[in-house]
Amino acid sequence: MKGTVRFLVLLVLGLALLAMGALHIVSSTFREWFERDLLLRAELAVNGNRHGLARQWEAGNLAALTQRLTDITRDERILAAAACNNEGRLVARTAEWPAGVDCEGFSEPRVSTLGGTRVHATPVPLDGESARLGRVVLLHDLSFLERREAQTREFLFTAFAVLAAAAALITIVAARLSWLGWSAALRRALSGKSSSEPREFQPLLRDVRDLVERLTTEKEVEGQGRWTPERLKQTLSRHLHGERVVILANREPYIHHREPDGSISVRHPASGLVTALEPVMRACSGTWVAHGSGTADRATSDKHDRVRVPPGEEAYTVRRVWLTDEEERGYYYGFSNEGMWPLCHVAHTRPTFRIDDWRHYQAINQRFADAVLDEVDGEDPIVLVQDYHFALVPALIRERLPRATIIMFWHIPWPNAERIGICPWSEQILEGMLGASVVGFHTQQHCNNFIDSIDRYLEARIDREQRAVVHHRRSTAVRAYPISIDWPNRWATEAPKPAECRAQVFAELGLPADAKLGVGVDRLDYTKGIEERLLAVERMLERFPEHRGRFTFAQLAAPSRTAIERYSQLNQNVEKLAERINGKFAAGKWKPIALLRAHHEPPAVFRYYRAADLTYVSSLHDGMNLVAKEFVAAREDERGVLILSSFTGAARELTEALVVNPYDLEEASSAIATALAMPADEQADRMRAMRAYLAEYNVYRWGGRMLAEAARLRARERLTGRLTDRLLGLERPA
Ligand code: F6P
């Protein structure tokens, strides 16, 4: 419709221009004809009276000459006449000849205004018996010509206006008819009633289908209320026809451990990835492929290296992959944790890249890819590849199963493109990841950094509109999926009431009932800012001495990656720092820092969360940080204050926390003091808002969004695959 209106406006403008042009041509032609006509008429009038005029002129009979001139002016268009001699002097004139006007300037035909009237002066030479006497000048009335011109103009404009109206009408009718036909054909094509899709509709139909798919996915994600395990399961069976999900993650969700007495215990590793993915796997079922790192893992696995978990519930399978110590050193400690981990975290530890580690990383990525291929059913499975340990796996799976739906989720930050270039194998890493159908990060910033890195290091096309990268004619969507925890949270549900937890924890720490408790829960990792956290506690006690003897900070620190020197250094540093601060402030039985360096199982961690007055998450750089979310989940009593580093992904979501820069000890120590003084109703307001957010944005939603996206891509790939087969004349099993 817009196009038709634009066409009509152009049409009217065009016709108006045409009318003006035509008018100009017609007027000048008309004037030319008219002048020629005047000349002819003047010659005719003079020649008809030539004899009499010449005779009277030669005889010097001026009265008779004037009479002859008056006779000539009987023609209604001739206003006046005069006889001018060869010297340009007025010899005789009719009474209408303007007084005071002589013969000067009338040697050639011309238009002039005499006595307020526009006239055309036409001189006609007059010869006598033997010589030229002079000329007769006739003044023609020009108002006639002007009247004619005005009439012509009017006529032309009317004609063009009628033409424009007719053309507009025809255009509107034609557009309406073609729109009706076009929309009917489009409706037929969209409803699938048409046996063939008109060529011109194909791009439009593609867009419409895209939009419908997108809206369906959005409806799936946003509609129907809160995400639950059941809803996630339904999404899987409705949109992915219950297809089994295979997850690949280095860390296994249950580690079987041989105790010194020979018995076997099961541990839940301290890992954000496990915290998030385990509930998803329980809901979806399928297989989790991981490194079998526990001392009793082999003993508890079957001959296919599989074990059903969770113990006693057996909702899904863990497939264990075995590594030698050397392989683990190269692939896990070396390339993954001395190379990629510090590369991706801006936490001031230099990345180290060694060729041997890289070779191990390549070989182990291949081994895990093979294990995944063992576990999948069919040609187009759904595989969720997790984290920086497996950057090469998506491309390795893609090579063998071109139709697989592979979602790669990167649990740690993705730094800027310049920094990525530090890795000598950055191109291989990026190419490996682009084997995935979707690459996910926690934040849009990390997605942007990833796209910039691709732009910088690979020959690939960036499709910013679709938020995708096209490499080797394959498209990989790049999306932000902020990870979360299960809600209602399993461990929070199972934990004792807050008062009971507080009593237990205070007893363990030997604190009096009126003491205040701060808690930190981390793997002992330099990215977590544990040193900065303890320094903030020290600074708070310096600045606010009223808390001395009353406030204790309990740091639960799970030893992690201890085979790496930087981590063993960190262990020592944290220990020394805690000792120094305790030495500075300790009084009687009280000491400000309780450093609990050990692995704590989730029930113990949740008791601490519930016992605390505050939790301080001080990461120097963190993709998300689920400790912050777990603390909120634990506080059904709506008490306790969360202090959160602005360098965590979680800070973008949990905005009711006290958000601080962990490097700024003044700000961080003020936040601790503020938290300790915060009134109960403000604590409740903040906690309630964060709990409401997490109830909505839980890990089932995270998984659901990714699976819905996978379903959308799958549907599209199947459709394009079918079309391609049809074009190639191949048949594909349904
Ligand atoms: O949450 C980030 C993360 O790297 C996870 O991806 C990983 O599982 C976790 O930290 C613990 O690390 P690791 O598995 O090396 O003990």
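One-based numbering, in listed order, for ligands and for the atoms of each.
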Just do the side-chain hydrogen bond (donor to acceptor under 3.5 Å, both in side chains) check on Tyr316 and Glu278 with the steps written out, would you? CA-CA 10 Å; Tyr316 63 97; Glu278 208 278 331; 3.0 Å; yes
Does a donor on one side chain and an acceptor on the other come within less than 3.5 Å for Gln555 and Tyr616?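 No.
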Applying side-chain hydrogen bond (donor to acceptor under 3.5 Å, both in side chains), can you list everything that pairs with Glu338, at least two apart in sequence or on another chain?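 side-chain hydrogen bond (donor to acceptor under 3.5 Å, both in side chains) check on Glu338 returns Arg354.
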Starting from the N and O atoms of ligand 1, find every protein N or O within less than 3.5 Å and list the pair with its distance.
residue, atom, partner, partner atom, Å
ligand 1, 6 (O), Asp387, OD2, 2.1
ligand 1, 8 (O), Ser271, OG, 2.8
ligand 1, 12 (O), Arg561, NH2, 2.8
ligand 1, 14 (O), Arg251, NE, 3.0
ligand 1, 14 (O), Arg251, NH2, 3.4
ligand 1, 15 (O), Tyr332, OH, 2.4
ligand 1, 15 (O), Arg561, NE, 3.0
ligand 1, 15 (O), Arg561, NH2, 2.9
ligand 1, 16 (O), Arg251, NH2, 3.2

Considering only residues two or more places apart or on different chains, which pairs with a residue in residues 649-665 satisfy salt bridge (charged side-chain N to carboxylate O under 4.0 Å, His left out)?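 Qualifying pairs: Lys629-Glu653.
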Considering residues at least two apart in sequence or located in another chain, which fulfil the ring pair (Phe, Tyr, Trp, His ring centres under 6.0 Å) criterion with Tyr388?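 With neighbours one apart ignored, the set is Trp341.
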Does Asp622 pair with Lys528 as a salt bridge, N-O distance under 4.0 Å?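 Lys528 and Asp622: salt-bridged.
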